[in-house]
Amino acid sequence: MSSEKTPISLGSNFIRAIVEHDLADKKYATKKWAGSPGDSKHQALGQLDPAKIRTRFPPEPNGYLHIGHAKSIFLNFGLARDYAGVCHLRFDDTNPEKESQEYVDSILDAVQWLGFNWQTIESNGGVESNLYFASNYFDFMYRAAESLIENGHAYVDSQTADEMRETRGTLTEPGKNSPWRNRTVAENLQLFHEMRDGKHADGSLILRAKIDMASSNINLRDPAIYRVRRAHHHNTGNTWCIYPMYTFAHPIEDALEQITHSICTLEFEDQRPFYDWLLERLAEAGLLAHPLPKQYEFARLNLTYVVLSKRKLIDLVEQKHVSGWDDPRLPTLAGARRRGYVAEGFKLFTDRIGISKADSWIEYTILEDCMREVLNDAAERRIAVLDPIKLVIDNYELDKVEDCFAPNHPLKPELGKRVVPLTRELWIEAEDFMEMPSKGFFRLTPDGMVRLRYGYVVKCTRVEKDTVGNVTVVHCDYLPDTKSGTPGADAIKVKGNIHWVSAQHAYAAEIRLYDRLFKEAYPGSGDRDYLNDLNPYSVKTITAQLEPNLKDAKPEDRFQFERHGYFVADKKDSIDGKPVFNRTVTLRDAWQK
RNA sequence: UGGGGAGUCGCCAAGUUGGUUAAGGCACUGGGUUUUGAUCCCAGCAUCCGAAGGUUCGAGUCCUUCCUCCUCAGCCA
């Protein structure tokens with residue numbers, strides 16, 4: 001019986017408000033959908049769209065997805081789920097030089113891991129795939145560009161990139177018209193065709209929208225929309241030597257897919273006027289039909305002690321500051337997964353932080369708390385001694401092996417108990433013994449008593465030390481009538497309760513103790529180089545003494561090592577019968593040394 | 001200094017067309033339960049909404065001015 005917790009409120013945010021208003025206004029009630037993306041003619045052949053809204057998650061396959069993307073994924077897929085809509089997973093692959101199949105695969109994997117897929121059951125019972133590639137729209141984009149040219153809304157410029165930069169003006173000064181701005185439609189069309197046909201060198205010609213070089217919005221100063229670039233594309237191969245720019249491609253992708261709410265981050269806000277301009281021009285030309293998609297922007301995620309920019313993540317990987325894209329210290333979803341973070345934790349996290357347009361920095365501990373919260377419920381308990389010292393029970397029979405019973409989950413008795421063997425020689429945590437106890441310390445001390453969790457109460461009699469004075473062995477006597485679970489076991493009250501593992505039975509395992517990758521809350525802030533903020537102690541590999549059954553852990557099995565934290569059997573380095581564990585996150589510790 | 005955004009408790013974030021005592025979460029503090037110093041439970045936690053004026057019977061919500069921060073000058077997305 002699970003306790004009835006108050007369900008987490010989905011909260012409300014400005015985007016949900018917009019969606020609800022649009023739905024109430026029946027803004028998209030007449031929108032049609034022919035079962036696949038396409039222009040106005042294609043969609044007109046379809047029926048009323050069974051999806052009340054369409055959103056999309058449009059990653060560029062030029063890197064691995066990270067926690068910030070999780071926010072966007074939950075937003076977009078969540079909106080679709082909550083408002084009887086559909087969310088498209090669309091690869092925004094318009095720049096062949098940076099994109100690759102490896103990234104496509106990793107993104108597909110991450111999205112599924114978060115619990116989403118791109119299959120939708122249609123009203124007719126069929127299954128529709130909502131996995132799309134922008135590169136599949138290149139034909140239409142080419143046609144759209146021709147349309148712009150034909151209607152005098154675009155021209156081919158012969159200026160070099162440098163010249164274009166010089167004539168673009170500045171934030172406070174207007175730009176200057178290109179000398180090629182008034183080429184005739186026929187000339188523009190011919191040059192554009194020649195660009196496609198490979199008759200011009202990369203960068204020699206470029207197609208530009210013809211809007212206003214004096215606009216106070218720099219994005220409207222005749223933005224570049226099609227460039228010549230001979231590069232192999234992961235999807236279209238060498239079919240094209242011209243590629244559309246994001247600015248031009250993205251609105252079209254949304255429109256062809258009948259997206260209703262195109263949600264992106266704040267830095268695209270300035271782009272919205274062009275987004276609307278382009279779509280209106282194509283609608284005027286009959287290529288697209290109203291209602292057209294609308295773009296909305298929200299603040300991207302910032303996390304303290306974390307770096308989420310693609311460029312920086314690529315640097316960390318390529319400069320080998322981490323072991324790869326799935327290094328458990330990285331905020332990539334692949335890394336987080338290896339670290340032991342769970343998808344439900346990310347869901348909780350995104351619900352908890354909300355959506356708004358205010359720039360904000362979320363405290364990293366919020367994410368950790370979310371993981372603790374779901375792991376506390378999901379993970380079975382086990383015992384691990386991370387920094388072992390010997391404890392010898394002098395009055396315990398030499399070869400005796402006694403069964404102790406430990407619950408697998410204190411909040412879920414139905415999960416039963418397991419047997420852990422107790423013997424004369426045990427491993428205990430070095431920090432659970434203090435020769436000179438500080439105030440408030442209530443574990444083992446000279447002459448002190450403590451309970452061996454799930455076993456007996458034990459009283460310290462003496463200690464052995466090495467040459468430098470470190471305690472190496474603690475000697476104790478046990479109190480026979482105090483075994484956990486037996487009548488009268490609690491007759492002697494002790495406050496301390498420490499974990500242990502039989503030295504004879506323990507599984508000595510490799511464990512990686514991870515800490516934050518950066519030592520500064522705002523890596524690279526001020527005039528610092530973010531690489532100088534790297535935490536030199538972000539990982540520590542130790543050999544720990546584990547409860548014997550942990551030897552059978554399978555990759556990605558998660559446990560709470562009692563009194564320590566949550567750990568996961570590494571999916572990559574674990575060998576059958578010899579798992580290696582990663583510390584996901586520690587338990588909270590109110591005692592804080 | 002041009003354009004576009006944002007400023008509500010330490011961190012996030014709700015605040016319907018202005019209407020009464022400014023949601024909620026996290027953190028924090030105090031108390032309780034507990035064979036994890038964990039979990040869980042209870043209680044407390046903004047007379048104030050970037051600042052200053054103004055309109056109004058009444059303003060976080062309207063007006064004016066000011067301040068701070070973010071963002072835009074790739075043939076990247």
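We name chains A, B, ... by the order of the sequence lines, and we start the count at 1 in each one. Just the heavy atoms: all of them, side chains too, but no hydrogens, waters or symmetry mates, feed the values below.
- Using atom P as the reference point in both B:G2 and B:C45, the two lie 45 Å apart (nearest Å).
- Electrostatic pairing of A:Glu547 and A:Arg418 counts as a salt bridge here, judged by a charged N lying under 4.0 Å from a carboxylate O.
- Distance check on atom C1': B:G60 versus B:A14 gives 12 Å, rounded to whole Å.
- Between A:Tyr456 and A:Tyr478, the ring planes lie perpendicular to each other; the angle is over 60°, past the 30° to 60° tilted range.
- A:Arg165 contributes no side-chain N or O that forms a donor-acceptor pair with the base of B:G74 under 3.5 Å.
- Within 90° of 0 lies the glycosidic angle of B:G74, which makes this nucleotide syn.
- Note: A:Phe441 and A:Trp591 have tilted aromatic rings, judged against thresholds of 30 and 60 degrees for the angle between ring planes.
- Counting atom types as modelled, A:Gln560 pairs a side-chain N or O with a base atom of B:U36 as donor and acceptor under 3.5 Å.
- Here B:U36 is the nucleotide among B:A73, B:U36, B:A77 with the atom lying nearest to any side-chain atom of A:Arg453.
- In this structure, of B:U35, B:A6, B:C76, it is B:U35 that holds the atom nearest to the side chain of A:Asp490.
- Of the candidates B:G25, B:A73, B:G37, B:G25 carries the atom nearest the A:Ile366 side chain, counting heavy atoms from C-beta on.
- In this structure, the nucleotide among B:G4, B:A38, B:C12 sitting nearest to the side chain of A:Ala590 is B:A38.
- Atom CG of A:Asp369 is separated from atom P of B:A38 by 13 Å (rounded to the nearest Å).
- Note on A:Arg227: a side-chain N or O is less than 4.0 Å away from OP1 or OP2 of B:A77.
- B:A51 and B:U8 are spaced 10 Å apart, taking the P atom of each and rounding to whole Å.
- Using the six-membered ring where Trp is involved, A:Trp361 and A:Tyr522 have ring planes that are perpendicular, over 60° apart on the 30 and 60° scheme.
- If you take CG of A:Leu444 and P of B:U35, they are 19 Å apart, rounded to a whole angstrom.
- Cation-pi geometry between A:Lys417 and A:Phe405 is not met at under 6.0 angstrom from the ring centre and within 45 degrees of the axis.
- Side-chain atoms of A:Asn497 lie closest to B:U35 of the nucleotides B:C12, B:U35, B:G5.
- With B:U39, B:A73, B:A77 as the candidates, the nucleotide lying closest to the side chain of A:Asn376 is B:U39.
- With rounding to the nearest 0.5 Å, the separation of OG1 in A:Thr170 from CD1 in A:Ile218 is 7.0 Å.
- If you check distances only, the side chain of A:Arg588 never reaches the base of B:U39 with a donor-acceptor pair under 3.5 Å.
- In this structure, A:Trp591 forms an aromatic stack with the base of B:G37, since both conditions hold: centre separation below 5.5 Å and plane angle below 30°.
- The side chain of A:Leu587 sits closest to B:U36 out of B:A6, B:U36, B:G37.
- Nearest nucleotide to the A:Asp359 side chain, out of B:C70, B:C12, B:A14: B:C70.
- Listed nucleotides: B:A77, B:U35, B:C70. Nearest to the side chain of A:Arg451: B:U35.
- You'll find a donor-acceptor pair under 3.5 Å spanning the side chain of A:Asp270 and the base of B:G3, going by distance alone.
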